[in-house]
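Data first, discussion second: the structure below is written as structure tokens.
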Amino acid sequence: MPPEQFFPHAEIEPKWQRRWEDEGLHRAGAHPDRPKFYLLEMFPYPSGHMHMGHVRNYSIGDALARFLRMRGHDVLYPMGFDAFGLPAENAAIKAAKEEGKSLNPAPFTEGCIASITADLKRMGFSHDWTRELATCRPEYYRWNQVIFLRMLERGLAERRSAAVNWCPECQTVLANEQVHDGKCWRHTETDVELRQLDQWFLKITDYAEELLSELDSLDGWPEHVKLMQRNWIGKSHGTLVRFPLADRRPGEPEHIEIFTTRPDTLFGVTFMVIAPEHPLAHRLARGTEREAEVRSFLNRVAAQDRSVRTAEDREKEGIALGREAINPLNGDRVPIFAANFVLMEYGTGCIMAVPAHDQRDFEFAKKYDVPIRVVIQPEGETLDPAAMTCAHVDPGVQVNSGAFDGMPSTEGIERIADHVVEQGLGKKTVQFKLRDWLISRQRYWGTPIPVIHCDDCGPVGVPEHQLPVRLPEDVDFAHDGNPLESSRSFQEGAACPRCGRAARRETDTMDTFIDSSWYFHRYLDPGNAGRPFDPALEERWLPVDQYIGGVEHAIMHLLYARFFTKVICDLGLATHREPFKRLFTQGMVCMEHTFADGTTRSVKMSKSLGNTVDPRIHIGNRHLGGSTEGKTGADALRLFMLSDSPPDSQLDWSDEGMDGASRFVHRVWRFFTQRADRLSGRSGAGFENLTGDDLNFHREVHAAIQGVTQDYGRFGFNTAIAKGRQLFRALEMHAERGASAALTAHGARIFLVLMAPIMPHLCDELWERLGHAESIFTTPWPEADPSALAVDEVTVVVQVLGKLRGRVTVPAGSDQAAVEAVARAEGNVAKHLEGKTVRKVVFVPDKMINFVAS
RNA sequence: GCCGGAGUGGCGGAACUGGCAGACGCUGGGGACUUAAAAUCCCCUGGCCCCGUGGGGCCGUGUGGGUUCGAGCCCCACCUCCGGCACCA
């Protein structure tokens, strides 16, 4: 072959992409005899075209997929599209309202999918495209509907009226997880409103305990992700205590029930607080002289939206209802307030307030001049309620607590709770912060909820044989509101499945997080028309051995997917209760951006900041029918994506770094094409009796095998590449000076194999040019030979008093006496030991010797 | 405020389990090739200092202390940055 200056990526990369596809090299399930490995990456939203974030994520997964295949695994590495959601629908609305055109989200989305698919293929990612799916297709979403109906049968899905989060911008309700700081997760400027509506919920709280406890078994998950889930689930042990209502009037409940995690402070209760939305708030004040005042307060707080009420400044505001409750432990009468800081959704919507030992209660008591009663004294200190400036929340000794005086409060928690239970005043219980999952969305571009509302029978599930309930096409995006409401064909002929009478179809669609909660099951059997997937396939392939994705999905997506996996098991469809054995959270692609205030920082690439680099600059767009060829090609881009940072931290884009990667690709190309003859020698094994450069080079080759193999196994792509570059440098030098051409050829082959997962096109092409008929990806991964790694001489570091003073070369395995003798003789060491007495010698064989002298 | 994670050259980052700090890359500098440039290749590149140009010394992994023969790594305190949660009773 003639020497060539530059790697002709625009020809060679597509050549191998075609060949791999033709040979079905990436098809999963081809080797049932091999150990399975399910490698999953979070599927993309098809937003027009591939961006740099995709390039990085899939470069990571693909390198791993190719490595694992070469290591003898039957790898399932699928790809699909999370294709429902607001962007496509908003594009349709914009087209209709601003441009007066009609744009149907379905063909629009399919166009985006085609474009991004072409981009991904042009990167040479080894996905098994025979399993491709898109969640917006009826063949997929009908199974969302089936799963929903089965959940409905089992009471895991239910419709109920609740105060729900409404985003005026999205024109739909949101799940709790989708509200951050009172703002919509997609619109950080938009306040979320509370509305009382009838909506569909999935009872994820039924699984709270299991979702929490099984986190402990997920050894392959990053601790911080597990921690975020634990915090979100928010389990706390406590006690429900009933406080009798004083001066009870007809129609009023006998008790006010509260939840507390601190029964040790029960004797310190000086007031009660009820949430303003609590139905009792109005009722208790009715007929009292305070009624008007209370009503105006409650109305004012209710009118405040969530973000104001829970804002950082969090000024506590409340009002006495003019009523009292009785502390069941000591018979004290305590006033009842309504206040903004008590949440209706948590616990019972009502609390006991212990200002001495709870900071919030303390602040409130100070403001409204409620007495403070100390019931826990810190060790060696006496608290004076009048002098306190903050609550004492730490443990201490019980005081003013009747029979419990003198007891450590840590014990008091248990003992007083026991006492409450024995006296029939309440019971021990567990509370979770986790709420049920609100899945209704008042939008078009999602899975229709398969329910029919009948005036007589109520909401009735659509029979499974009538599924899928398809999205209609006669929809109008030019007007506000859910387009499903105005579609004629959608409602046409709707009849109650139970009584047969004319009825109305549910027009809510499902939260798109439903789609991504089980897509990894569907990949196993994407064409199955009879059920969501074959259980035998689930048995073989699940759990996902390695899941890779962004940490931004640490709570929502991962929690929902874990929930669905358990539900799917309980529906009898599958057996594995945890979906993802190992989780890896990759970092973002960032680029320098100068902000308005003049500061420059490296921040996530985003369209809105304009600090983006389009990957198509590098891979071209000819595959999309365009005319540009691409600057550097896919392999150079992949190399850069993996070489500059560890994959779990952010990657800073740099044009210079990209040039460096491209230079390396060309350099490798040049080296191989210029020395084709010398490198094509086929003699493989049996490099004995090597000497000098040959021996050293052989050792470097095997050290590289060992190092690179270990690095791939722990996502150390950046260090694997560093070792690959080192090996390449050694290879260049050995080609110049080494005695054995067979050994150079061997080293060259190893280099190609080790780097193939990262630069697959380049390596497969060069592999072929070295005379191999089969793809490099069918060769087994090399093993490092321990005897090749052995050295007969080692450099031992010599220290005097822990400071480096010299190095000596000794035979490997030399004992302390031998090394000591050589070390003492070394010039600089001798100088430093002069006039000193050696008191101790620390010796680490083959590494270091330290003279402790004075 | 609480809970996590991280601070290493001009920059991105290496350093297994406490044993040569700065692998690999980028930037910068010098040189070779060339009429010249590009491309390519080679050498140098943490700071300060000493002499004989080969070496030698001191300092150096956010700050202050500690443990150890020896600390980027372990312990204590503090500072800064990033991420998450935030009235959850």
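Source: prediction; values computed, not measured. Every chain is numbered from 1, with letters handed out A, B, ... down the list of sequences. Scope of the values below: all heavy atoms of this structure, side chains included, with no hydrogens, waters or symmetry mates.
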Expected string for nucleotides 55-61 of chain B under the B/S/- scheme (protein heavy atoms, under 4.0 Å, primed atoms plus P, OP1, OP2 as sugar-phosphate) is -SSSS--
Interatomic distance where [atom1] belongs to [X] and [atom2] belongs to [N] [whole Å]:
X: F717(A); N: G13(B); atom1: CZ; atom2: P; result: 17 Å
X: Q650(A); N: A6(B); atom1: CD; atom2: C1'; result: 12 Å
X: W653(A); N: C26(B); atom1: CH2; atom2: P; result: 14 Å
X: M588(A); N: C82(B); atom1: CE; atom2: P; result: 12 Å
X: D648(A); N: A14(B); atom1: CG; atom2: P; result: 9 Å
X: M228(A); N: G83(B); atom1: CE; atom2: P; result: 12 Å
X: N231(A); N: A86(B); atom1: CG; atom2: P; result: 9 Å
X: H357(A); N: A89(B); atom1: NE2; atom2: C1'; result: 15 Å

Note to self: Distance alone, cut at 3.5 Å: any donor-acceptor contact between the side chains of Q359(A) and D361(A)?
What the structure shows: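 Their side chains do not contain a donor-acceptor pair, so the 3.5 Å distance test is not met.
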Worksheet item: Any side-chain donor-acceptor pair under 3.5 Å between S643(A) and N718(A)?
Response: no
Checklist entry - Does NZ or CZ of R725(A) lie under 6.0 Å from the centre of the six-membered ring of F664(A), at an angle within 45° of the ring axis? => result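 Satisfied, under 6.0 Å and within 45°.
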Looking at [options], which one has an atom nearest to any side-chain atom of [X]?
X: V844(A); options: C87(B), C41(B), G19(B); result: G19(B)
X: N850(A); options: G70(B), C87(B), C24(B); result: G70(B)
X: F259(A); options: C85(B), A89(B), C87(B); result: A89(B)
X: Q726(A); options: C20(B), C26(B), C24(B); result: C24(B)
X: L227(A); options: C26(B), G4(B), A89(B); result: G4(B)
X: R714(A); options: U27(B), A39(B), A15(B); result: A15(B)
X: R729(A); options: C42(B), U40(B), C69(B); result: C42(B)

Classify [X] by what it touches in the nucleic acid, base, sugar-phosphate, or nothing, heavy-atom distance under 4.0 Å.
X: G234(A); value: nothing
X: N718(A); value: sugar-phosphate
X: M848(A); value: base
X: I351(A); value: base
X: T260(A); value: sugar-phosphate
X: R435(A); value: base
X: T795(A); value: nothing
X: Q799(A); value: base

Is there a side chain to side chain donor-acceptor pair (under 3.5 Å) between D652(A) and Q650(A)? Walk through the geometry before answering. CA-CA 6 Å; D652(A) 292 311; Q650(A) 73 169 46; 2.9 Å; yes
Assign each of V179(A) and I721(A) the nucleotide of RNA chain B bearing its closest heavy atom; nearer the 5' end lies the nucleotide of I721(A)
Heavy-atom nearest nucleotide on RNA chain B taken for H224(A) and for L801(A); more 5' hit belongs to H224(A)
Once hydrogens and angles are ignored, does a donor-acceptor distance under 3.5 Å link the base of C20(B) to the side chain of K847(A)?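 Check fails, no donor-acceptor contact within cut-off.
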Would you kindly check whether a donor in the side chain of R807(A) faces an acceptor in the base of C20(B), or vice versa, at under 3.5 angstrom?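 Yes, a donor-acceptor pair under 3.5 Å.
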Could you tell me whether the side chain of Q816(A) reaches within less than 4.5 Å of the side chain of V841(A), counting heavy atoms only?
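Yes, close enough: below the 4.5 Å cut-off.
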Tell me, do F364(A) and D358(A) make a side-chain contact under 4.5 Å, heavy atoms counted?
no
Using 30° and 60° as the class boundaries, would you call the ring planes of [X] and [Y] parallel, tilted or perpendicular?
X: W669(A); Y: F7(A); value: tilted
X: F717(A); Y: Y712(A); value: tilted
X: H553(A); Y: H557(A); value: perpendicular
X: F6(A); Y: H666(A); value: perpendicular
X: F337(A); Y: F271(A); value: perpendicular
X: W653(A); Y: F640(A); value: perpendicular

Q. Would one find more than 12 heavy atoms of other residues, nucleotides or ligands at under 6.0 Å from atom NZ of K226(A)?
A. yes
Counting only heavy atoms not in K427(A) (residues, nucleotides, ligands), do more than 12 fall under 6.0 Å from its NZ?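 12 or below, so no.
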Determine the Euclidean distance between corresponding [atom1] atoms of [M] and [N]; express it in Å to zero decimal places.
N: C24(B); M: U34(B); atom1: C1'; answer: 31 Å
N: A15(B); M: A71(B); atom1: C1'; answer: 13 Å
N: G9(B); M: G72(B); atom1: P; answer: 14 Å
N: G56(B); M: U45(B); atom1: P; answer: 15 Å
N: U27(B); M: G46(B); atom1: C1'; answer: 15 Å
N: C75(B); M: G18(B); atom1: P; answer: 11 Å
N: C20(B); M: C41(B); atom1: P; answer: 32 Å
N: C11(B); M: G83(B); atom1: C1'; answer: 23 Å

Check this one for me: any side-chain N or O of [X] less than 4.0 Å away from OP1 or OP2 of [N]?
X: T719(A); N: A23(B); answer: no
X: R667(A); N: C41(B); answer: yes
X: K840(A); N: C69(B); answer: yes

Dot-bracket for RNA chain B, 5' to 3', Watson-Crick and G-U pairs with both distances under 3.5 Å, [ ] for crossing pairs, | for partner on another strand, reads (((((((..(((......[....))).(((((.......))))).(((((....)))))..(((((..]....))))))))))))....
key: Verdict with supporting geometry, E209(A) and K235(A), salt bridge (Lys or Arg N to Asp or Glu O under 4.0 Å)   = CA-CA 8 Å; E209(A) 191 67 58; K235(A) 179 179 181 176; 2.7 Å; yes
Test K367(A) against E363(A) for salt bridge (Lys or Arg N to Asp or Glu O under 4.0 Å), laying out the working first. CA-CA 6 Å; K367(A) 181 167 174 185; E363(A) 287 167 28; over 6 Å; no
- Query: Is the glycosidic torsion of G7(B) within 90° of 0, making it syn, or is it anti?
  - Reply: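 Chi for G7(B) falls in the anti range.
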Here the residues of residues 637-647 of chain A within 4.0 Å heavy-atom distance, strictly under, of RNA chain B are D644(A), S645(A), P646(A)
